[in-house]
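For reference, the structure is listed below as structure tokens.
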Amino acid sequence: MNIAGLCALVITAAALLYIFYLPEEVYVGPKKTRAAYLRERKDVVYENLRDLNFEYKAGKVPDVDYQSLKSSLQDEAAMLLAEIARLEAAAMSKKTK
Amino acid sequence: MAFIGNFALYLAFALSVYSFAVGLVALVARGESAARLGETARRAGVAIFGAVALAAVALVVAAFRDDFTIAYIFHHSNRDLPSPYKFAVLWSGQEGSLLFWALLLSGYGFVLRLRYKTDPRLFAYASVVVAGVQVFFLALVNFAANPFGLLEGPLRPDGSGLNPLLQYPEMVIHPPMLYLGYVGFTVPFAFALGALIMKYPGEKWIHITRRWTMVTWGFLTCGIFLGAHWAYSVLGWGGYWGWDPVENASLMPWLVGTAFLHSVMMQEKRGMLKVWNVWLVFATFWLAILGTFLTRSGIISSVHAFAQSSIGSWFAYFLAITFAVFIFFFVKNKDHLRSEHKLEAIVSRESSFLFNNLLFLLLTLDVLWGTWFPKISELVQGNKVTVGAPFYNRVAIPVALLLLILTAVGPLLAWRKTSFESLKRNFAWPTLGAVAVMAFLMITPASWGSPFGLRPWQDISYFYSLMAIGLAVLVTLTVASEFYRGGRVISEKTGQGLFASMVQLTHRNTRRYGGYIVHFGVVVVIIGFAGAAFNQDKEMEMNYGDKMTIGPYTLVCRSYTDEEYPNYYTQWAVLDVYKNGKQIDTLTPERRFYKASQQTSTLPFVRSSLSEDLYLVYEGINQDNGHPILKAHLNPLVMWIWLGVWIILGGTALALVPNAQAAVRVPAPRLVEHAAPVATGD
């Protein structure tokens, strides 16, 4: 067998070893729940609120617009928080049972 | 080298098939064994990169060793080819460039699979989609366009040489940039399709996709403009964009990708346009593959296109399969893509993004139609109708101007709705500034040089130029006002200087302010385009001492000669350049004849300044008297285009930098005791 053939053999063996030798447990990560999704949404709404505050302070948004936009974002955040709280409470009671 | 190369390609193909098939099985199956199976598929995907890199290295080594037993090396290299171009042999021909494509795809796949801990399930889906695309490209280089095929017949002492048009420094970096752009769109597509298949709850996939798209978009932008600069510097016709089908092929995914980068914000911020965004990501990927099909199938004629070959049918099947797969899962899972909010007002940030997207799509359709029309007319009528710049410009220029208006207006509009009071507050001064500049340009004398003395009623191109410059000023002022207002808020709060505050502001929200810098870069590019309305050119046969005048310049022919180098013969002229009676430069336009490939190439000499380019081409010689024929172009504001691209790339890079943490208080939301459940999410 020539050197090129030997190299091919070694490379193939190394690749197979890398692919199939799994000494540790495979990382699968946490399962994405609805509560996790709602927390992501909450973060986005908070970020939108931060942006709105900043734009208001920068003088881009008139007072009337600011109050109305802030109020609708706060309502949205409140609904998210309420549902997160409900889901967490349900999860807790499931655990205690 | 051929043995090593072929072995590496077979290994890569086998790994990609394993990664795709076993990855698919692991996604369907459940339990610990499925997870372990999925892990082997992921690792096989990682290993593909090593195998394809080995094949690419083997091809480059073969080029450096002048291994003309390999047909590809014989056809695209020769012994006297300078080293950088021997490296560029990897992407200079059909087979090599497909291998290069497979290499970049495996590189992107490598990064994606190493970052799987971000969200293992989503990344597993994306990895399988990427593996599916890899199977196609690796099948192509193994069975249809193998770069390691051996040359038939006796061994030749020297190769045919590299295409002379490609023997230019920029060609060493232009194709890699363009391919990084084209290939990179596979990753957003993989995430979008993966998220659609698994009905991914939430918008995290779109955050990941957006970052990948920005990186890819940056590469494609760089590649497109490097191509334009190459065309300007090498092809010798005095322009940078000819609406060539291959140029169009790169522009189409760029346009749709740009639309996506805007509309993605609506999904992130408001949970809107989910269906639209999935389609945009798919269309961007699909158009990138369609562009490759155009370039490689020989279906269209272009200076950039590769030779006619049989791989066109492979691409046609691949395009059909990807379309069918996407449509299947879209129809199956489209209910998952319901919007969480509706458009509340016509004057809002959302509607500006919507109009922006519609305009980008209109432009894409115009380019798509123009690119395919010659082929369609040939099929329907039997004769090929040529579509030139006027066809494209008729739509592209007005649409580009409307986009410029939205670039100015969009960032100043509020999400949800914007009142008249807000419009007045944000637009009064920028609009006044833009109108003042336009009025100034109209009343100044034309003798001041371009772009002064713009009389829009004299010519439609002057009207477009005036509008472009006016709107460029409007965008610049709105961008400046965004930085100024934000900086002032921070300055008032922290007590630091305005400039330092603006820097801090940018660090706090790199995406937004990086985006504004990109907008400013676009403005600078548009000013460069606007200069085209004032282009001039002149052609003349010149003997010793002959003079040619163009604009403020006088060119005097000092001498002309020819020489021989190992790789080529050259003819060139020496011309002194005078401005206002004073010599300011000496130009040496050149024409080369490459020995190995027996092809001619023109090397124009360009004297660039911020106000204009003096562009000189050696057209050839008069066979009767041996005098050179020279053509001079005076192209105003071209340098602004290249400067603008640097600004765009700088803004893109900035937008990719993570935000610095800022301590800003958020008002506590009012708690709702019995709120209705929030839509979407499983």
Side-chain angles (χ1 to χ4, degrees), chain A residues 2 4-5 7-8 11-12 14-16 18-20 22 25-29 31-38 40-42 44-55 57-66 68-83 85-86, chain B residues 3-4 7-8 11 15 18 32 35-36 38-40 43-44 46-47 50-51 54 116-117 119-121 200-204 268-271 412 414-419 421-422 425-426 482 485-486 488-489 509 662 664-678 680-682:
Chain A
N2 60 16
C7 285
I11 290 167
T12 309
L16 291 175
Y18 170 70
I19 294 165
F20 295 107
L22 306 172
E25 205 172 298
V26 175
Y27 177 76
V28 289
K31 194 173 184 306
K32 188 149 186 186
T33 59
R34 176 158 177 80
Y37 158 71
L38 292 173
E40 272 176 23
R41 284 297 309 158
K42 182 201 74 181
V44 171
V45 175
Y46 274 28
E47 194 189 311
N48 291 350
L49 267 167
R50 272 196 294 271
D51 284 351
L52 179 66
N53 277 341
F54 193 81
E55 293 194 342
K57 282 180 191 163
K60 274 176 69 179
V61 184
D63 199 42
V64 181
D65 292 5
Y66 171 68
S68 133
L69 292 171
K70 189 173 81 170
S71 163
S72 63
L73 281 169
Q74 284 179 331
D75 287 348
E76 198 179 337
M79 278 195 285
L80 288 163
L81 287 172
E83 198 182 346
R86 225 179 1 250
Chain B
F3 173 81
I4 290 285
F7 154 74
L11 179 64
L15 290 169
Y18 181 87
E32 171 65 14
R36 291 183 78 78
E39 176 63 6
T40 63
R43 288 180 175 223
V46 171
L54 178 65
Y116 76 107
K117 285 188 177 170
D119 191 324
R121 192 80 181 149
Y200 188 80
E203 320 302 339
K204 194 173 167 189
E268 285 179 288
K269 290 263 183 194
R270 306 270 290 125
L412 297 184
W415 290 100
R416 292 170 187 247
K417 61 185 176 194
T418 305
S419 65
E421 170 61 26
S422 176
R425 183 182 288 208
N426 290 316
E482 280 289 282
R485 284 174 161 170
R488 205 182 50 188
V489 173
N509 196 341
V664 181
R665 279 180 54 226
V666 174
R670 297 163 302 195
L671 267 177
V672 175
E673 286 298 325
H674 302 287
V678 178
T680 315
D682 294 336

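So you know, we letter chains A, B, ... as the sequences are listed, proteins then strands, and number each from 1. Bear in mind that the values here come from a model prediction, so they are computed numbers and not experimental data.
Counting all heavy atoms, side chain and backbone alike, B:Lys117 lies closest to A:Tyr27 at CG-CD2, 3.6 Å. Nearest heavy-atom pair across B:Phe3 and A:Ala8 is CE2-CB, 4.3 Å. A pairwise comparison of heavy atoms in A:Ile11 and B:Leu11 identifies CG2-CD2, 3.9 Å as the closest pair. Scanning all heavy atoms of the two residues, the minimum distance from A:Tyr37 to B:Pro201 falls at CD1-C, 4.0 Å. Counting all heavy atoms, side chain and backbone alike, A:Cys7 lies closest to B:Ile4 at CB-CD1, 4.4 Å. The shortest non-hydrogen separation linking B:Gly486 to A:Ala58 is N-CB, 4.5 Å.
With contacts defined as side-chain heavy-atom distances shorter than 4.5 Å, the pair B:Val489/A:Phe54 qualifies. Side-chain atoms of A:Asp51 and B:Trp415, non-hydrogen and from C-beta on, never get closer than 4.5 Å to each other. Within the 4.5 Å cutoff, no side-chain heavy atoms of A:Ser68 are placed close to those of B:Arg416.
Annotation: the span from A:Leu16 atom CG to B:Leu15 atom CG amounts to 8.0 Å, rounded to 0.5 Å.
Residue B:Leu412 touches chain A through both its backbone and its side chain, counting heavy-atom pairs closer than 4.5 Å. Both the backbone and the side chain of B:Arg36 have a heavy atom closer than 4.5 Å to some heavy atom of chain A. Contact of A:Leu22 with chain B is made through backbone and side chain together, with heavy-atom distances under 4.5 Å. At a 4.5 Å heavy-atom cutoff, the contact between B:Glu268 and chain A is made by backbone atoms alone.
For the residue pair B:Ser419 / A:Asp65, a side-chain donor-acceptor distance below 3.5 Å is found, with atom types taken as modelled.
With sequence neighbours excluded, the residues satisfying side-chain hydrogen bond (donor to acceptor under 3.5 Å, both in side chains) with A:Glu55 are A:Lys60, B:Arg512. With sequence neighbours excluded, the residues that form a side-chain hydrogen bond (donor to acceptor under 3.5 Å, both in side chains) with B:Arg485 are B:Asn426.
Heavy-atom pairs under 4.5 Å with chain B peak, among A:Ala85, A:Ala36, A:Ala4, at A:Ala4.
Within 6.0 Å of CD on B:Glu32 lie more than 12 heavy atoms contributed by other residues, nucleotides or ligands. Within a 6.0 Å sphere centred on NZ of B:Lys269, other residues, nucleotides and ligands contribute more than 12 heavy atoms.
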